[in-house]
Enquirer: 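Let me give you the structure first, and then I'll get to my questions.
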There are 4 protein chains.
Amino acid sequence: MSGPAPRKYNPDNKTGYEYELLAEHLAGLISSGEWIPGRRMPGERSLAEEYGVALDTVRKATRILRERGLVQTLKSKGTFVAHPD
Amino acid sequence: MSGPAPRKYNPDNKTGYEYELLAEHLAGLISSGEWIPGRRMPGERSLAEEYGVALDTVRKATRILRERGLVQTLKSKGTFVAHPD
Amino acid sequence: MSGPAPRKYNPDNKTGYEYELLAEHLAGLISSGEWIPGRRMPGERSLAEEYGVALDTVRKATRILRERGLVQTLKSKGTFVAHPD
Amino acid sequence: MSGPAPRKYNPDNKTGYEYELLAEHLAGLISSGEWIPGRRMPGERSLAEEYGVALDTVRKATRILRERGLVQTLKSKGTFVAHPD
DNA sequence: GTGGTCTAGACCACA
DNA sequence: GTGGTCTAGACCACA
């Protein structure tokens, strides 16, 4: 019943807005190379379900990543991990 | 061969386009009083999943109901069963 | 900065939905006489490719023109510029 | 300028209806294992362009394959190479 | 070879 | 968390 805590997004462990935490988490997936440049992120509904958050939270997190230049959104196509400069 | 016939939307039993059949089916729910005036219909995504059709098919069926004055759509709120004249 | 401005449909210069802009653009071709009454419009696929939009967007634009009475669609034949009243 | 003729669908070398020849050709791709079971065939427009034939020819050829049980068509999804019995 | 239906699924504005 | 727009592309009926 003990054992390693699952390596997992856990908003309860932190302070701050949930969308910022989610943005951090996703930024981590990118900077760690788990999501490689050019890869399409899961859709907003998938992410909302996967992380148990509202759609709006996912959208705000995505916006942060976009403003940081970490991802690029192509309308109706998806949001893609940006290629580093 | 006995037993209750499934009370179910069955596009295979009819001719015509699926969105028309779905529209008929939903119109039936309204005219039978199963869906009462003012009630919000299930969301498009729910209906698509429930009836096993694509979103667009649900949308076309809804459009027919709207054109017949059976429902009224409020953007960002949902589609509601209209009150009879 | 000099030179002829490209005579071209440019959705980026305007606001509103693409299918409305495309409808305006095509209505312009009709009202300017570039497309004369009776003429068949290019097929939906051609228009989609020419303007770089999806088929559905072309279809919605065509529907608008049809509802305004500017064109008439004959199934399996094409969409034709209407004769003015 | 001589040399091997390209291994290629060539309707001119045969007699019979073009859609039958195309059906034979495609059946060959299946029986030779070039198209494996479960694989989706190219869309009808791709095939028409690739083989330089009319859409209707592709559709008639596909119908033959379907009647022979070599392929299965799922509406709006595509035509798939059938799994052998 | 056209317009139509249909699938699947993306992001967006708005509440 | 809804309806809307939009992409991409499949097969189908009809002429």
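Reminder, nothing fancy here: chain letters follow the sequence lines and each chain counts from 1.
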Enquirer: Compare the minimum distances between each of E:dC12, F:dG4, F:dG1 and the side chain of A:Thr73, then state the nucleotide with the smallest one.
Expert: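 Among E:dC12, F:dG4, F:dG1, the one nearest the side chain of A:Thr73 is E:dC12.
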
Enquirer: Looking at F:dA13, which nucleotide sits across from it as a Watson-Crick or G-U wobble partner, both distances under 3.5 angstrom, or is there none?
Expert: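 Pair assignment: F:dA13 / E:dT2.
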
Enquirer: Does C:Thr57 place a side-chain N or O at less than 4.0 Å from the phosphate oxygens OP1/OP2 of F:dT5?
Expert: no

Enquirer: For a quick test of reading the model, state the closest non-hydrogen atom pair linking A:Ala23 to A:Leu65 and the distance between them.
Expert: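 For A:Ala23 and A:Leu65, the tightest heavy-atom pair comes out as O-CD2, 3.5 Å.
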
Enquirer: Counting only side-chain nitrogens and oxygens, does D:Thr79 get under 4.0 Å of the OP1 or OP2 atom of F:dC11?
Expert: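 So the side chain of D:Thr79 is within the cut-off, an N or O lying under 4.0 Å from OP1 or OP2 of F:dC11.
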
Enquirer: Looking only at the side chain of C:Arg45 (C-beta and beyond, no hydrogens), which of the listed nucleotides E:dT7, F:dC11, F:dC6 gets closest?
Expert: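 Ranking E:dT7, F:dC11, F:dC6 by closest atom to the C:Arg45 side chain puts F:dC11 first.
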
Enquirer: Given side chains that start at C-beta, do those of D:Ile30 and D:Val71 come closer than 4.5 Å, heavy atoms only?
Expert: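 Yes - at least one pair of side-chain heavy atoms lies under 4.5 Å apart.
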
Enquirer: What integer distance in Å separates A:Leu55:CG from E:dC11:P?
Expert: 10 Å

Enquirer: Between C1' on F:dG4 and CG on C:Asp56, what's the gap in Å once rounded to a whole number?
Expert: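 Rounded to the whole Å, the gap is 11 Å.
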
Enquirer: On the nucleotide F:dA8, are OP1 or OP2 found under 4.0 Å from the side-chain N or O atoms that A:Lys77 carries?
Expert: yes

Enquirer: Within the structure shown, what part of the strands sits under 4.0 Å from A:Arg40 by heavy-atom distance: base, sugar-phosphate, or nothing?
Expert: sugar-phosphate

Enquirer: In whole angstrom, what separates C:Tyr51's OH from F:dT5's P?
Expert: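 Spelled out: OH on C:Tyr51 to P on F:dT5 is 21 Å.
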
Enquirer: When the nearest nucleotide of DNA chain E is assigned to C:Gly78 and to B:Ser76 on a heavy-atom basis, which residue is associated with the more 5' position?
Expert: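 Nearer the 5' end of the strand: C:Gly78.
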
Enquirer: Should C:Arg68 and C:Glu20 count as an ion pair when the cut-off is N to O under 4.0 Å?
Expert: no

Enquirer: Which pairs count as salt bridge (charged side-chain N to carboxylate O under 4.0 Å, His left out) when at least one residue sits in residues 43-55 of chain A, sequence neighbours excluded?
Expert: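 Residue pairs with at least one partner in residues 43-55 of chain A: A:Glu44-A:Arg59.
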
Enquirer: Considering only heavy atoms from C-beta outward, does the side chain of B:Tyr51 approach that of B:Leu26 to under 4.5 Å?
Expert: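 Touching, per the 4.5 Å side-chain cut-off.
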
Enquirer: Of the nucleotides E:dT7, F:dC6, F:dA15, which one has an atom closest to the side chain of C:Lys60?
Expert: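 Among E:dT7, F:dC6, F:dA15, the one nearest the side chain of C:Lys60 is F:dC6.
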
Enquirer: Could you state the atom-to-atom distance from CZ of B:Arg59 to P of E:dG9 in whole Å?
Expert: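 Rounded to whole Å, this separation is 14 Å.
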
Enquirer: Please give, in whole Å, the distance from F:dC12 C1' to D:Glu44 CD?
Expert: 8 Å

Enquirer: Give the rounded distance in Å between these two atoms: CD of C:Glu18 and P of E:dA13.
Expert: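 Value for this atom pair: 13 Å.
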
Enquirer: Whole angstrom is fine here: how far is it from NZ in B:Lys75 over to P in F:dG3?
Expert: 12 Å

Enquirer: Is there a side-chain polar atom (N or O) of B:Tyr17 under 4.0 Å from OP1 or OP2 of E:dG4?
Expert: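 No, B:Tyr17 has no side-chain N/O under 4.0 Å of OP1/OP2 on E:dG4.
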
Enquirer: Find the distance C:Glu49:CD to F:dA8:P and express it as a whole number of Å.
Expert: 12 Å

Enquirer: Would you kindly compare B:Gly52 and A:Leu74 by the position of their nearest DNA chain E nucleotide and give the one closer to the 5′ end?
Expert: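 Closest to the 5' end, via its nearest nucleotide, is B:Gly52.
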
